[in-house]
Amino acid sequence: MVSSERLLAFAAMSFLLIVVPGPSVLFVIGRALAQGRRAALTTVVGNTVGAYALVVAVALGVGSVVERSVLVFTALKLVGAAYLVYLGVRAWRKRGSLQAAVTTDGSARGGGLRTLWEGFAVGVANPKTMVFFAAVLPQFVDRAQGHVVVQMLMLGLVFNLIAVACDSVWGLAAATGREWFARSPRRLSLVGGIGGLTMIGLGVTVAATGRKD
């Protein structure tokens, strides 16, 4: 199994990667601003499931194909970027109707499963996480100990536990600021627009993200 030294080193590297806002964090913030606390936390769960799907893919050997193929990597990246832009445009168009959708607990009405799915789609198409799992995760596996797949799944679980904690803090902080905006239809429309523009800008940024090779 994974030694404590390797586990701690991987946790430290994972934290450094996660603490710097990337596509998943910015998407959670945008969702918190546009729809509130509940949607933000649901998005965090979806992101985490999506990220762990990448871990499973890497553990089963699929990740190496993505990491080595510029075409496959670019295709996945562009699909994720296009989806982010689509969600951002939708949030922008609906910014004027947010006041009517806000419930008494400060979160917006909407399909929980749809929000979960959208978070999953962003998590599984996150280029930063994709490259990290494909290129870095295998380096912390001790192949001499055997059970390589189990080691990767365990390391991936550590990464995702850290991600859940950090992303939730970002989402809750953004949602708390949103509650002040919710007291005014104009302010709420503004913050909904900001959330939409954030997701659109994020999609463009992801699309422009290149590879060293």
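Computed from a predicted model, the values in this text were never measured in an experiment.
- By the 30° and 60° cut-offs, the orientation of the rings of F10 relative to F159 is tilted.
- Checking L157, V149, L155, V150 one by one against L153, the side-chain contact (heavy atoms from CB on, under 4.5 Å) holds for a single residue, V149.
- The closest side-chain heavy-atom distance from V148 to M152 is below 4.5 Å.
- Contact between A32 and A40 at its shortest, heavy atoms only, is CB-CB, 3.6 Å.
- Contact between A53 and F120 at its shortest, heavy atoms only, is CB-CE1, 4.1 Å.
- Here the CG-CG distance, from L172 to D167, works out to 11.0 Å after rounding to the nearest 0.5 Å.
- Of all heavy-atom pairs between G119 and N47, the closest is O-OD1, 2.9 Å.
- Atoms CG and OH, from L161 and Y52 in turn, are 9.5 Å apart once rounded to the nearest 0.5 Å.
- The distance from the OG1 atom of T42 to the CD atom of E118 is 11.0 Å, given to the nearest 0.5 Å.
- F133 and L60 fall within a single hydrophobic cluster, where Ile, Leu, Val, Met, Phe, Trp and Tyr side chains are chained together by heavy-atom contacts under 4.5 Å.
- Hydrophobic clustering (ILVMFWY, side-chain heavy atoms < 4.5 Å, transitive): V56 and V58 are in one cluster.
- Both V122 and I162 are members of a single hydrophobic cluster when ILVMFWY side chains are connected at heavy-atom separations under 4.5 Å.
- The two atoms that bring C166 and I18 nearest to each other are CB-CG2, 3.7 Å, heavy atoms only.
- Linking ILVMFWY residues whenever their side-chain heavy atoms come closer than 4.5 Å, directly or via other members, leaves V44 and V124 in distinct clusters.
- When hydrophobic clusters are built by joining Ile, Leu, Val, Met, Phe, Trp and Tyr residues whose side-chain heavy atoms come closer than 4.5 Å, directly or via intermediates, L54 is grouped together with V49.
- For L7 against V158, the heavy-atom pair with the smallest separation is CD1-CG2, 3.7 Å.
- The shortest heavy-atom contact between V141 and R6 is O-NH1, 3.5 Å.
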